[in-house]
Protein chains: 2
Amino acid sequence: MFSKACEYGIRASTYIALQSLEGRRVSLKEIAEEIDSPVAFTAKILQQLSKNQIVDSLKGAAGGFEIQRSGIDRIKLSEIVYAIDGDTIYTGCGLGLKKCNANKPCPVHDKFVQIRDDLRYMLENTSLYEMTVGLEVGLTYLKR
Amino acid sequence: MFSKACEYGIRASTYIALQSLEGRRVSLKEIAEEIDSPVAFTAKILQQLSKNQIVDSLKGAAGGFEIQRSGIDRIKLSEIVYAIDGDTIYTGCGLGLKKCNANKPCPVHDKFVQIRDDLRYMLENTSLYEMTVGLEVGLTYLKR
DNA sequence: TTTAAATCGGACAAATATGTCCTAATAAAA
DNA sequence: TTTTATTAGGACATATTTGTCCGATTTAAA
Ligand code: FES
Ligand code: FES
């Protein structure tokens with residue numbers, strides 16, 4: 001569904017949001033540990049998320065990553081997915097034709113578009129805050 | 001969503017089904033041309049589909065690929081996807097945890113499972129025959 | 001029986017995604 | 001001012017996916 005990079009990106013953003021809610025800024029090392037991802041690779045992804053203004057990064061000792069409270073409420077999963085995987089998930093054809101196109105649809109177009117739109121709706125309506133809710137109380141997990 | 005191999009596999013199977021309905025056996029070359037796919041790569045995929053009894057292959061001059069009428073009605077997209085991409089689409093976690101697991105769910109589990117099950121239902125209930133219906137009358141396309 | 005047209009299957013090649021390493025830049029603390 | 005802890009970014013390495021090539025095998029037709 002999503003690339004590994006995107007999966008790590010969502011998990012990382014969610015962990016940063018969770019800690020930011022407690023007022024804690026977190027380091028790359030801690031993030032990678034808590035979401036069980038390769039450290040250096042996660043660094044690249046966080047750079048990308050920082051450039052796309054999804055997370056804030058601070059260099060130097062006592063630096064790290066954080067997300068403003070306003071961001072935690074505002075940022076939706078769709079923005080993270082878009083920053084890392086682009087829009088292929090929305091514009092791509094299920095059978096791999098150049099672009100999805102209702103005027104010259106592939107045989108699964110109608111059915112595929114329904115599912116894709118459900119996915120889109122879900123991503124566009126799930127905020128980082130919502131992602132953190134179950135984590136605090138141990139109902140959901142970012143690693144196993 | 002699906003791998004390239006899987007996309008080619010579905011397009012190829014659909015084209016073979018379409019021609020088989022007319023009693024025509026088709027060659028690799030013709031298939032690749034009609035679905036706009038790399039010939040040699042398509043050959044590998046057809047081998048896999050043949051081993052999984054999704055298409056019938058006949059060697060030698062006047063050989064080629066075909067699907068029995070009974071198969072065209074019986075074979076669902078889910079079988080093609082399974083033969084090529086396996087079951088990751090059904091068992092995988094949306095955020096990349098080792099396996100999707102309702103007992104230790106990731107933060108998107110509930111929403112993701114809904115969409116995944118819709119996709120599964122769609123694949124399990126779309127037959128090759130259904131795929132060919134729009135093609136004959138120019139309502140749908142396998143290439144552009 | 002020979003030739004031609006086709007799939008099969010293994011080895012190879014290229015492209016992309018995933019992941020690592022090292023140095024530079026930055027900023028707080030000693 | 002020096003040291004230490006951190007992110008930034010480029011170059012490199014590895015794994016996976018995608019794609020190619022070619023000889024072997026099969027079968028129908030000449
Ligand atoms: S054309 Fe294939 S999904 Fe729209
Ligand atoms: S655990 Fe992540 S989708 Fe089920």
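Computed from heavy atoms alone, side chains included, the values below leave out hydrogens, waters and symmetry copies. As the structure is a computational prediction, the values presented were derived from the model and not from experiment. So you know, we letter chains A, B, ... as the sequences are listed, proteins then strands, and number each from 1.
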Length of the [atom1]-[atom2] vector between [X] and [N], whole Å:
X       : N      : atom1 : atom2 : value
B/Ile31 : C/dT7  : CD1   : C1'   : 11 Å
A/Phe41 : D/dA15 : CZ    : P     : 15 Å
B/Leu49 : C/dG9  : CG    : C1'   : 16 Å
A/Lys44 : C/dA17 : NZ    : P     : 16 Å
B/Asp36 : D/dG19 : CG    : P     : 11 Å
A/Ile45 : C/dG19 : CD1   : P     : 8 Å
A/Ile84 : C/dG19 : CD1   : P     : 13 Å
B/Leu58 : D/dT27 : CG    : P     : 9 Å

Choose from [options] the nucleotide whose nearest atom is closest to any side-chain atom of [X].
X       : options               : answer
B/Leu28 : D/dT7, C/dT18, C/dT7  : C/dT7
B/Phe65 : C/dT7, D/dG19, C/dG19 : C/dT7
A/Ala61 : C/dG19, D/dT4, C/dA25 : D/dT4
B/Ala40 : D/dT25, D/dT20, D/dT7 : D/dT20
A/Lys4  : D/dA11, C/dT18, D/dA8 : C/dT18

Closest nucleotide of DNA chain C for A/Gly60 versus for A/Ser3: which of these residues is on the 5' side? A/Ser3
Tell me whether A/Glu7 is salt-bridged to A/Lys4, with the criterion being a basic N under 4.0 Å from an acidic carboxylate O. yes
Check the phosphate of [N] against [X], side-chain N and O only, distance under 4.0 Å to OP1 or OP2. Yes or no?
X       : N      : value
B/Ser57 : C/dC8  : yes
A/Gln47 : D/dG9  : yes
B/Tyr8  : D/dG19 : yes

Reckon A/Lys29 touches a base, only the sugar-phosphate, or nothing at all at heavy-atom distances under 4.0 Å? nothing
Across the strands shown, which category fits B/Leu46 at heavy-atom distances under 4.0 angstrom: base, sugar-phosphate, nothing? nothing
Among B/Ile67, B/Ile10, B/Val55, which residue meets the side-chain contact (heavy atoms from CB on, under 4.5 Å) test with B/Leu128? B/Ile67
Could you tell me whether the side chain of A/Lys51 has a donor or acceptor atom within less than 3.5 Å of a complementary atom in the base of D/dG9? no
I'd like to know whether CD of A/Glu124 has more than 12 heavy-atom contacts from other residues, nucleotides or ligands below 6.0 angstrom. yes
Decide if atom OH of B/Tyr90 counts as having more than 12 heavy atoms of other residues, nucleotides or ligands within a radius under 6.0 Å. yes
Mind checking whether A/Tyr121 and A/Ile80 sit in one hydrophobic cluster, side chains of I, L, V, M, F, W, Y counted as touching below 4.5 Å? no
